[in-house]
Amino acid sequence: MTSVLTPGTGTNGASAGAGNLQTRVAENDRLFQQTGHLFGLDKLERKETDPGTYEAVWHILLNICNTGWAVGCQVAASPIAVEGGDAMWTLHLPTGECICTSRGITGHTGMLAAFIRTLIEQGYENDPGFNPGDIFENNDPHYGGIHPMDFDTAVPIFYKDELIGWIGSVTHVQDIGCILPGSIGFLNPDCFSDGMPVTMEKVGQNDRLFPWYEKRVTSRTRMPDWVMADARARLAGSFTIRERIIQLVDKYGLDYYKQVTKEYVEDSRRYAQRRIKTQTIPGRLRKSNFKDLAMKGKRVILPHQDVDVLFNLPLEVTVGRDARMALSLAGVSGTVPFGENINPTALASILLNAFSHIVGFDMFSSGTVATYDLELPPPGSWANPHPVDYHVASGVAWAPAVMWLSSVYETITRSYFSRGYLEEVAAGAACTMTAEFSGISQFGMFVAGLTLEQASNGGPARAIADGENSAWCIYTPQADQGNAEVTELYFPLMYLGRGLEPDSGGYGKFRGGLGHTAIWMIKNSPGVEYQCGCAGIRSKLVGNHGMYGAYPKWPERGSYAAGTNVKQLIDEQKPLLHERGDPDNPNMDKYIEARVRETDLITPFVTPEALHEYDLVVHHVSGAQALGDPIERDPELVRSDLDAGWTRDWVARNINRVVAKYDEKAQAWDIDAAATERERAKEREARKSRGVPFREWWSKERKKVEAREDMDPAVLEMWRSSMRLSPKYGEEIRAFWQLPDDFTF
Amino acid sequence: MPEYNVNELERLIDGDLPWTRVQEIMKSPKDGSRFQKWVQILQSRVPWEERILLPLTPHLYVVERAGGERVVKCTCGQEFGDYRVNWKLSALIHVRDSEKELGKIYRGSEMPEAEWVQVREYYCPGCGNQLEVEAVPRGCPPDFEFLPDLDTFYSEWLGQPLDRKVEFADKTLDTVRGWQA
């Protein structure tokens, strides 16, 4: 599987137009295997002989890609691309390896490289052939796409009849034509419900999309104007890049371009490998991780989806003596009857996202891929479904994968901590709960799609400071919640509130960055549906692990009210709903009367009926994970959070063990330092008193495990599939709890 | 390659450096002597004499005893045994697996469901510090987060081999096998 993403290019110095690209792909692999250097480049001649030009051209290439991004995002019409910039443009070698990328959704870098390589490996060079002006596209998870709403497009670059490279691009479209409107198809039961496929197709030539492409988009998506605008955006950005690359080759010469672009890829491999060797420790890192998707009793599409499921998302990272990383998902659980299964190519590709954040962010390209190996997950798991169940859904395949990716951050940075690079440590990531609306807009037109709220989580806690509030996103380095006014323009919504959510970053010495909560009122619409979607959330579990003794962030829950008295409250100028409020007594319960009032719904869900004028939605966007013992948190930081309304006194008192008093006159909190110290000493003693020796607990717990005591059926089914799919993992569980050899859950 | 003096690194570690300076450090190539200085700083802060071989967490270290054994040790001096055995087996544990117990941390609409998740707190028996928290369903063995390959690190990456080599292997299950069910 990793060979799909392993970089390499043609024979060093060979003319791209002269050879068969399939042969060159194989030759690249051979050279890498034999020499350990991509393309066999043991020397970076262009870099060594003229480093100034080498750096200058690199930055020109980056700027060209970013120009493509800027142009493309303005040609697009959907808020996802225009306002959120949820797109990316990339430059590739003739054999597919990515040279550099624009800003945007960097998780697609490997997928675009794999897409081009697959075109070559499957003989497209001969039939239908690669010609100037061709346009190829894929969004099909069976062929390496992650999920159908992300369209991967490739356009070849020819220079005087020679194919010298490719431009890749991706945008996330507003509606993909799956059963429920929008793009976050977590409810899809199978691939036939995932929406409009484009399966490794030539979709245009002579720089124009074929006419039947638009016809298909028109008949198979609900927002064809936006979907087509995205298609044109991908091309506009790609053609802009192509034009500039040809100008660059005119200036620097073809030989220079061909040589230096390969050197950039090999250079990025060396950079990432150096960083791993400088910052980590060889050895084995492990982290368990789980995610629920509880749909029992809710609105689903097919009867067999009336079920709760639990994903097992285990991670083992081995850092070898050669500073290569090997990653494994041994123990991963089985496929699910929802749109949350991912193919291994996409999974390996999104690893680049984590690497771009925490390992190699200089000269980011396919070269980084050559520093890690991802063991092929067991067939039949959510991470490698197709060999066993070819028809699984992948409507939002990212959902479990992103939770797993969070462990990559945490485990690798544990190694950074040991090495002393505390400034690089990141606790686990936030969760991703999406909001989609579909119905009649304020303009009397049908509208469906995603708001941008979810693209601005809190950032993970650092080992030296709290995480950033509402300014981080695991799937893009460009976190952006978008302007409220723009969301109000696209959807029939009015913001009654948008503010940081107190205590949403876990509890630790350093807390994760806080997330935020949006309060929407339906406005100027005869009816819209709200999909509180899962792009990586936990609702029955807690938000993640904490790190180094911190408590995880609380679960994601949903709130809405239908048939409200909000108009009356407005007329009478009474308080409205502007924030979620206290978890024990939410503001919606305090201030709003309604026919339906839900303040603690297990997510994800789709409202069972349309929402109407003055109905309300409270949508939370998660903060990230905390780090360190919460009673080691500097009382001054607690005071500062209390003053800012970023923590509640219940948490300060019961979790951080801070003794604080609100001074009504000064309208500020005071900390009693001596009492706080006494309170914390008391808590340490209390821990020693309530804590039991591990072995004592193990002895009792193993009996409960063997008896399957108080274990939800979803938990049992998760363990069964994990142990079946990864027998060694199963053996380890049996050995740890001293269970019989034939024990299953 | 930049180098930082011990005083500045102490301020970095303690969170006392201005954020702008931290950003400069993050953007620069990494300083090659960081590990040695990091260990030097930590060694000067702990109240015991054993050599720190590797910091594992803010409170736990792999140390070398006088006899050459490598054990996990807390800042307070509490020892947790062979570093190749998950130190959690020598910790105190408190598990929140009921609504009542979870309710001491999470409230109302922030409450997880006990049949889906246990919140396991690991405490140091010596000082009562909360060393790790796990959130896992029943049946999950404790995470052995980090098993370092110390001999490869010291001999091949740092070029300073340790006096006595030990096998790089996870010994946790060997310990558990010795327990009476």
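Heavy atoms only: backbone and side chains are in, while hydrogens, waters and symmetry mates are out. Chain naming here is simple, since letters A, B, ... match the order of the sequence lines and numbering starts at 1 in each.
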Where does [X] contact chain B at under 4.5 Å (heavy atoms): side chain, backbone, both or neither?
X: A/L285; result: both
X: A/A550; result: backbone
X: A/S288; result: both
X: A/P630; result: side chain
X: A/A323; result: both
X: A/T318; result: neither
X: A/R284; result: both
X: A/M547; result: backbone
X: A/R538; result: neither
X: A/E709; result: both
X: A/V319; result: side chain
X: A/R648; result: side chain
X: A/R557; result: side chain
X: A/E410; result: neither

Heavy-atom pair count under 4.5 Å with chain B, highest-scoring of [options]:
options: A/G283, A/G691, A/P583; result: A/P583
options: A/Q279, A/H545, A/R690; result: A/R690
options: A/R687, A/R684, A/R702; result: A/R687
options: A/M711, A/K277, A/R274; result: A/K277
options: A/R708, A/K553, A/M718, A/R321; result: A/R321
options: A/K703, A/K509, A/R580; result: A/R580

Could you grab the distance from atom [atom1] of [X] to atom [atom2] of [Y], nearest 0.5 Å is fine?
X: B/L60; Y: B/K73; atom1: CG; atom2: NZ; answer: 11.5 Å
X: B/H59; Y: B/L131; atom1: NE2; atom2: CG; answer: 7.0 Å
X: A/R419; Y: B/L54; atom1: CZ; atom2: CG; answer: 9.5 Å
X: A/I281; Y: A/R414; atom1: CD1; atom2: CZ; answer: 14.0 Å
X: B/T75; Y: B/Q78; atom1: OG1; atom2: CD; answer: 11.5 Å
X: A/D292; Y: A/L541; atom1: CG; atom2: CG; answer: 4.0 Å

Against chain A, label [X] side chain, backbone, both or neither, depending on which of its atoms sit under 4.5 Å from a heavy atom there.
X: B/P137; value: both
X: B/K37; value: neither
X: B/D31; value: both
X: B/L158; value: side chain
X: B/D143; value: side chain
X: B/L173; value: side chain
X: B/V95; value: side chain
X: B/E101; value: neither

Interface residue of largest heavy-atom contact number with chain A, from [options], under 4.5 Å:
options: B/A135, B/G128, B/G108; answer: B/G128
options: B/A114, B/G15, B/G32, B/P58; answer: B/P58
options: B/F168, B/W179, B/Y122, B/Y106; answer: B/W179
options: B/E132, B/R107, B/Q23, B/K30; answer: B/R107
options: B/L56, B/V22, B/V62; answer: B/L56
options: B/C127, B/A91, B/P55; answer: B/P55

More than 12 heavy atoms of other groups within 6.0 Å of B/E49 CD | no

Cationic N near anionic O, under 4.0 Å, [X] to [Y]:
X: A/E424; Y: B/R34; answer: no
X: B/R164; Y: B/E64; answer: no
X: A/K688; Y: A/E685; answer: yes
X: B/R138; Y: A/E701; answer: yes
X: B/R96; Y: B/E121; answer: yes
X: A/R720; Y: A/E717; answer: yes

Any donor and acceptor pair, going by atom type alone, linking the side chain of A/Y551 with main-chain N or O of B/V119 inside 3.5 Å?
->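 Answer holds: no.
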
A/R633 and A/D466: salt bridge (charged side-chain N to carboxylate O under 4.0 Å, His left out), yes or no, with the steps?
-> CA-CA 10 Å; A/R633 184 163 178 76; A/D466 292 344; 2.9 Å; yes

What about the rings of A/W697 and A/F694, do their centers lie closer together than 6.0 Å?
-> yes

Ring centres of B/F144 and B/F146 under 6.0 Å apart?
->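 Ring-ring flag for B/F144/B/F146: false, centres at least 6.0 Å apart.
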
Member of B/W87, B/Y83, B/W48 meeting the ring-ring contact (aromatic ring centres under 6.0 Å, His included) criterion with B/Y61 =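 Only match with B/Y61 under ring-ring contact (aromatic ring centres under 6.0 Å, His included): B/W48.
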
Could you verify whether a donor N or O on one side chain and an acceptor N or O on the other, from A/Y416 and A/E423, lie under 3.5 Å apart?
-> no

